[in-house]
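Naming convention: chains lettered A, B, ... in sequence-line order (proteins, then strands); numbering from 1 in each chain. Every value quoted in this text rests on a predicted model; they were computed, and no experiment measured them.
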Amino acid sequence: MSPARHWLMKSEPDAFSIDALKHRKQEPWDGVRNYQARNYMREMRKGDLVFFYHSNCAEPGIVGVAEVAVEAYPDPSQFDPKSKYFDPASSRDAPRWSLVEVRFKRKLKRTITLEELKADPALAEMPLVRKGSRLSVMPVAATEWKHILTLE
DNA sequence: GCCAACGTTGGC
DNA sequence: GCCAACGTTGGC
């Protein structure tokens, strides 16, 4: 069994915010349609910790902590013609897209902003802060995880 | 709202 | 297999 890993997942607060996760407690992370992000989700193990990141909003940054509650399984929305995430190229025999379910842990005391994360030399290797990176699910090194929490 | 950067698609 | 066109992401 591999050791627990840490992750970061982006969400647009207008679509699904940390408060929405707090309210719903646990949620299937559907709609990921990028292979690299999907592959990372497939590596996630129950109990792994996740930074919840707000993207495409006034103050982008890390806003909370969640944990992996259910490991990867096929994302049902890919089979639903009425869903905006419908993928006609996917089939139930060979599902293309996966999701994990995440459970709310806590909100951070404050938003750790993208601006701060970018300015921090200890975090320069994170895909998050690299120019042009649009990856919405990424691993976070244990040292980065700890360092980010000291910023709270 | 703009637009740079990126990933995917499809013609050839 | 190349690459132009297109759609999307996400900071600003």
Side-chain angles (χ1 to χ4, degrees), chain A residues 5-24 26-44 48-68 71-141 143-145 147-152:
Chain A
R5 296 183 68 183
H6 301 86
W7 308 93
L8 181 145
M9 300 175 89
K10 295 181 182 175
S11 183
E12 300 191 16
D14 287 350
F16 191 71
S17 68
I18 187 68
D19 288 326
L21 181 64
K22 182 179 184 181
H23 181 253
R24 297 171 68 96
Q26 185 169 323
E27 188 77 1
W29 203 272
D30 64 0
V32 170
R33 295 294 180 267
N34 169 280
Y35 289 105
Q36 198 176 356
R38 179 205 68 180
N39 292 344
Y40 284 137
M41 285 201 296
R42 289 178 176 178
E43 290 179 31
M44 292 181 182
D48 283 359
L49 295 175
V50 179
F51 278 137
F52 194 112
Y53 177 92
H54 278 173
S55 66
N56 202 15
C57 56
E59 191 179 48
I62 297 169
V63 294
V65 178
E67 70 177 322
V68 176
E71 294 179 9
Y73 64 90
D75 179 346
S77 66
Q78 71 195 300
F79 307 125
D80 179 1
K82 293 189 294 294
S83 169
K84 65 175 172 173
Y85 300 126
F86 177 60
D87 183 354
S90 184
S91 73
R92 289 182 185 274
D93 287 343
R96 179 178 289 191
W97 305 111
S98 301
L99 57 71
V100 296
E101 294 189 18
V102 301
R103 181 184 298 133
F104 178 81
K105 291 275 283 189
R106 67 182 184 92
K107 281 178 75 169
L108 297 190
K109 294 193 273 283
R110 65 180 191 89
T111 300
I112 300 174
T113 65
L114 177 62
E115 187 179 16
E116 290 172 76
L117 299 170
K118 275 183 166 174
D120 195 324
L123 304 174
E125 295 305 312
M126 291 186 76
L128 183 72
V129 303
R130 292 227 270 274
K131 185 179 157 85
S133 172
R134 302 183 319 189
L135 192 59
S136 65
V137 177
M138 69 190 75
V140 177
T143 50
E144 292 166 344
W145 180 276
H147 182 79
I148 289 167
L149 285 179
T150 66
L151 303 176
E152 182 181 7

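Lys84(A) has its NZ atom 13 Å from the C1' atom of dT9(C), to the nearest Å.
Glu152(A) pairs by the side-chain contact (heavy atoms from CB on, under 4.5 Å) definition with Arg106(A), Leu108(A), Lys109(A), Ile112(A), Leu149(A), not counting sequence neighbours. For Glu67(A), the side-chain contact (heavy atoms from CB on, under 4.5 Å) partners two or more places apart in sequence, or in a different chain, are Leu49(A), Arg103(A), Lys105(A). Qualifying side-chain contact (heavy atoms from CB on, under 4.5 Å) partners for Ser17(A), counting only residues two or more places apart in sequence or in other chains: Pro13(A), Asp19(A), Ala20(A), His54(A).
Mapping Asn56(A) and Arg96(A) onto DNA chain B by nearest heavy atom places Asn56(A) closer to the 5' end of the strand.
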Practice problem: Test Val68(A) against Val50(A) for side chain to side chain contact (heavy atoms under 4.5 Å, CB included), laying out the working first. | Solution: CA-CA 7 Å; Val68(A) 176; Val50(A) 179; 4.0 Å; yes
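The six-membered or imidazole ring of Trp97(A) lies away from that of Tyr73(A), with a centre-to-centre distance of 6.0 Å or more.
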Is there any protein nitrogen or oxygen under 3.5 Å from a nitrogen or oxygen in nucleotides 10-12 of chain B, and what are the pairs?
none

Between the protein and nucleotides 5-8 of chain C, are there any N/O to N/O pairs under 3.5 Å, and if so, what are the atom names and distances?
residue : atom : partner   : partner atom : Å
dT8(C)  : O2   : Arg134(A) : NH1          : 2.6

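Applying the 6.0 Å contact sphere to CD of Glu115(A) captures no more than 12 heavy atoms from other residues, nucleotides or ligands.
Between Asp87(A) and Arg96(A) there is a salt bridge, since a side-chain N of the basic residue sits under 4.0 Å from a carboxylate O of the acidic one.
Between Val32(A) and Tyr85(A) there is no side-chain heavy-atom pair separated by less than 4.5 Å. Two residues are said to be in side-chain contact when any heavy atoms from C-beta on lie closer than 4.5 Å; Glu144(A) and His6(A) fail this criterion.
Using cut-offs of 30° and 60° on the angle between ring planes, the pair Tyr40(A) and Trp7(A) is tilted.
For residues 111-133 of chain A, proximity to DNA chain B is found at Lys131(A), Gly132(A), defined as any non-hydrogen atom under 4.0 angstrom from a strand atom.
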